[in-house]
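From a predicted model like this one, the values you see are computed outputs, not experimental measurements. Chain letters run A, B, ... following the sequence lines, proteins first, then strands; residues in each count from 1. These numbers come from the heavy atoms of this one structure, side chains and all, not from hydrogens, waters or symmetry mates.
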Number of protein chains: 2
Amino acid sequence: MNHNITDFDHSDDSKLEGLRMTRQRREVYDVLMSLRDHPTASEVYERAKANMPGISLATVYNCLEALVDHGAVRQVHFERESSRYCPNLTAHGHFQDEQSGTVIDVPLKKGASLGDFLDLPAGVQVNNIEINLTGKISN
Amino acid sequence: MNHNITDFDHSDDSKLEGLRMTRQRREVYDVLMSLRDHPTASEVYERAKANMPGISLATVYNCLEALVDHGAVRQVHFERESSRYCPNLTAHGHFQDEQSGTVIDVPLKKGASLGDFLDLPAGVQVNNIEINLTGKISN
DNA sequence: TTGCACATTAGAATCATTCTAAATTTAGGC
DNA sequence: GCCTAAATTTAGAATGATTCTAATGTGCAA
Ligand SMILES: [Mn+2]
Ligand SMILES: [Mn+2]
Ligand SMILES: [Zn+2]
Ligand SMILES: [Zn+2]
């Protein structure tokens, strides 16, 4: 089959089931899936306009919110910078390079779970996790 | 000696050495140390005014920035809410209750370190970490 | 004590995001 | 296919946390 990471099936829409599909939501989701570099809403807007010139920034915000609330996409927050959007639903954190602002995924080690490194108080139900690192890249 | 957590020495200023001390910075730092509930800048402002009526919100922002840049205090960010401020310099994450907005410290398990649960790419130098959880508290 | 680099202040500016209200579109039932 | 109700899209205004500006005040090293 010769699979590799670039073979990712962009048309696997299982995560969109139950979400009313509109041309705009499809376009916003496709933008996120095709270049997975954690764009801001404005960057998504710029990319979406290439295929759909009439789309508005307000709609991009609305679509992103719908996708996030549906669980198809995750928001990433560094300090109080613009929110960024990530379609990777596996357990992972993020690293932002201080020079360039670039954000990359940092996978959770296989088998690692929250309780292994955090002393969670009894009786808490965790619904969302953000693990965000910032720093420099050597080279 | 009969020590417990409430005996914390609020006058240990070792973390402030090298920072030019002003009445306002002292007051802002004291506000954070005396009630460690992760207040926002506006909440710090309200509390600081009790002891120092003339202090301005701009100054509170300036003092908080100076303390953060000096490493005496940490910023905590949930989504795009107002930044919150934490004087606990031990390794820990934060949990925010979705109902009340309350933020509590979540200690890192003793001996746990980043590399134990994250697959960090080679050559990254991590300067800052935020581990932020949101959810509900049972009872 | 003095000088001056740095800090404080009020108010304006910024800007990512949310809100508003009117026009349009979706999806289901016929 | 057509109709309807509910949801979505849109342009533009509003919001609000934070940063900036420029005038005034102060910590502190010499
Ligand atoms: Mn939401
Ligand atoms: Mn800073
Ligand atoms: Zn990601
Ligand atoms: Zn804390």
Side-chain angles (χ1 to χ4, degrees), chain A residues 13 16-32 38-49 51-70 72-86 96 101 103 130 132, chain B residues 13 16-32 38-49 51-70 72-86 96 101 103 130 132:
Chain A
D13 291 346
L16 302 181
E17 269 166 32
L19 180 65
R20 179 188 280 208
M21 199 40 53
T22 63
R23 284 179 312 124
Q24 290 86 349
R25 286 176 181 176
R26 155 72 50 208
E27 174 62 28
V28 165
Y29 187 65
D30 286 349
V31 163
L32 293 177
H38 306 92
T40 62
S42 295
E43 288 165 346
V44 171
Y45 175 52
E46 290 308 321
R47 295 175 196 179
K49 274 198 295 192
N51 286 329
M52 189 180 283
I55 196 171
S56 75
L57 178 58
T59 296
V60 169
Y61 271 103
N62 290 340
C63 291
L64 289 169
E65 180 181 31
L67 289 165
V68 168
D69 288 353
H70 193 71
V73 149
R74 294 165 55 179
Q75 268 184 323
V76 182
H77 303 93
F78 282 96
E79 306 265 324
R80 300 247 325 156
E81 292 178 10
S82 303
S83 298
R84 296 175 175 276
Y85 296 85
C86 172
Q96 184 175 46
V103 174
E130 277 199 61
N132 296 331
Chain B
D13 291 346
L16 301 181
E17 269 166 32
L19 180 65
R20 179 188 282 205
M21 200 40 52
T22 62
R23 283 180 310 125
Q24 291 84 350
R25 285 177 181 176
R26 155 70 52 206
E27 174 62 29
V28 165
Y29 187 65
D30 286 349
V31 162
L32 293 177
H38 306 92
T40 62
S42 294
E43 288 166 345
V44 172
Y45 176 50
E46 291 307 320
R47 295 176 196 180
K49 274 198 295 192
N51 286 330
M52 188 179 282
I55 196 171
S56 75
L57 178 58
T59 296
V60 169
Y61 272 104
N62 289 340
C63 291
L64 289 169
E65 179 180 33
L67 291 166
V68 169
D69 288 353
H70 193 71
V73 150
R74 294 164 56 180
Q75 268 184 324
V76 182
H77 303 93
F78 281 96
E79 306 264 325
R80 300 245 326 154
E81 292 177 12
S82 304
S83 297
R84 296 175 176 276
Y85 295 86
C86 173
Q96 185 175 47
V103 173
E130 277 200 61
N132 296 330

Engineer: When you check the phosphate oxygens OP1 and OP2 of dT10(D), does a side-chain N or O of Gln24(A) lie under 4.0 Å from one of them?
Structural biologist: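 It does, given that an N or O in the side chain of Gln24(A) lies less than 4.0 Å from OP1 or OP2 of dT10(D).
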Engineer: Does Val76(A) offer a backbone N or O that forms a donor-acceptor pair with the side chain of Asn132(A) under 3.5 Å?
Structural biologist: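 No; judged by distance alone, with no hydrogens or angles, the pair does not exist.
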Engineer: For the pair made of CG in Asn62(B) and C1' in dG25(D), what is the distance, rounded to whole Å?
Structural biologist: 14 Å
Engineer: So which of Arg23(A), Glu17(A), Gln24(A), Arg25(A) actually passes side-chain contact (heavy atoms from CB on, under 4.5 Å) with Met21(A)?
Structural biologist: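 Option passing the side-chain contact (heavy atoms from CB on, under 4.5 Å) with Met21(A): Arg25(A).
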Engineer: Could you check whether any side-chain N or O of Glu130(B) sits under 3.5 Å from a backbone N or O of His77(B), counting only pairs where one atom can act as donor and the other as acceptor?
Structural biologist: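 Checking the backbone N and O of His77(B) against the side chain of Glu130(B), a donor-acceptor pair under 3.5 Å is found.
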Engineer: According to a strict under-4.0 Å criterion, is Arg80(A) in side-chain N/O contact with OP1 or OP2 of dT18(D)?
Structural biologist: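 Indeed, a polar side-chain atom of Arg80(A) lies that close.
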Engineer: Please report the shortest heavy-atom distance between Tyr85(B) and Val73(B), naming the atom on each side.
Structural biologist: CD2-CG1, 4.1 Å
Engineer: Under the criterion side chain to side chain contact (heavy atoms under 4.5 Å, CB included), I'd like the reasoning laid out for Val28(B) against Ile55(B): C-alpha separation, chi angles, the key distance, then a yes or no.
Structural biologist: CA-CA 10 Å; Val28(B) 165; Ile55(B) 196 171; 4.3 Å; yes
Engineer: Which heavy atom of Pro39(B) sits nearest a heavy atom of Val44(B), and at what distance?
Structural biologist: CG-CG2, 3.7 Å
Engineer: Starting from P on dA14(D), measure out to CG on Leu57(A) and report it in whole angstrom.
Structural biologist: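 After rounding, the gap between these two atoms is 18 Å.
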Engineer: Check every strand shown and say whether Ser42(A) touches a base, only sugar-phosphate, or nothing at a heavy-atom separation below 4.0 Å.
Structural biologist: nothing
Engineer: Which is the 5'-most and which the 3'-most nucleotide of DNA chain C that has an atom under 4.0 Å from a heavy atom of chain B?
Structural biologist: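 Answer, 5' to 3': dC6(C) to dT17(C).
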Engineer: What is the distance, rounded to the nearest whole Å, between atom OH of Tyr61(B) and atom P of dT18(D)?
Structural biologist: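 It works out to 3 Å between those atoms.
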Engineer: With a 4.0 Å cut-off on heavy atoms, is Thr22(B) in touch with a base, just the backbone sugar-phosphate, or nothing at all?
Structural biologist: sugar-phosphate
Engineer: Is it true that a side-chain atom of Arg80(B) and a backbone atom of Ser83(A) form a donor plus acceptor pair closer than 3.5 Å?
Structural biologist: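 Side chain of Arg80(B) to backbone of Ser83(A): no pair is present.
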Engineer: Would you mind classifying the nucleic acid contact of Arg25(A) as base, sugar-phosphate or nothing, using non-hydrogen atoms under 4.0 angstrom?
Structural biologist: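 The answer is sugar-phosphate, as Arg25(A) gets under 4.0 Å only of primed atoms, P, OP1 or OP2.
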Engineer: Taking only the side-chain nitrogens and oxygens of Ser83(B), find out if one of them lies under 4.0 Å from OP1 or OP2 of dA17(D).
Structural biologist: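 No.
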Engineer: Of Ala58(B) and Ser82(B), whose closest DNA chain D nucleotide lies nearer the 5' terminus?
Structural biologist: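 Result: Ser82(B).
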Engineer: Which sits closer to the 5' end of DNA chain C, Tyr45(B) or Arg20(B), going by the nucleotide each is nearest to?
Structural biologist: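 Residue closer to the 5' terminus by nearest nucleotide: Arg20(B).
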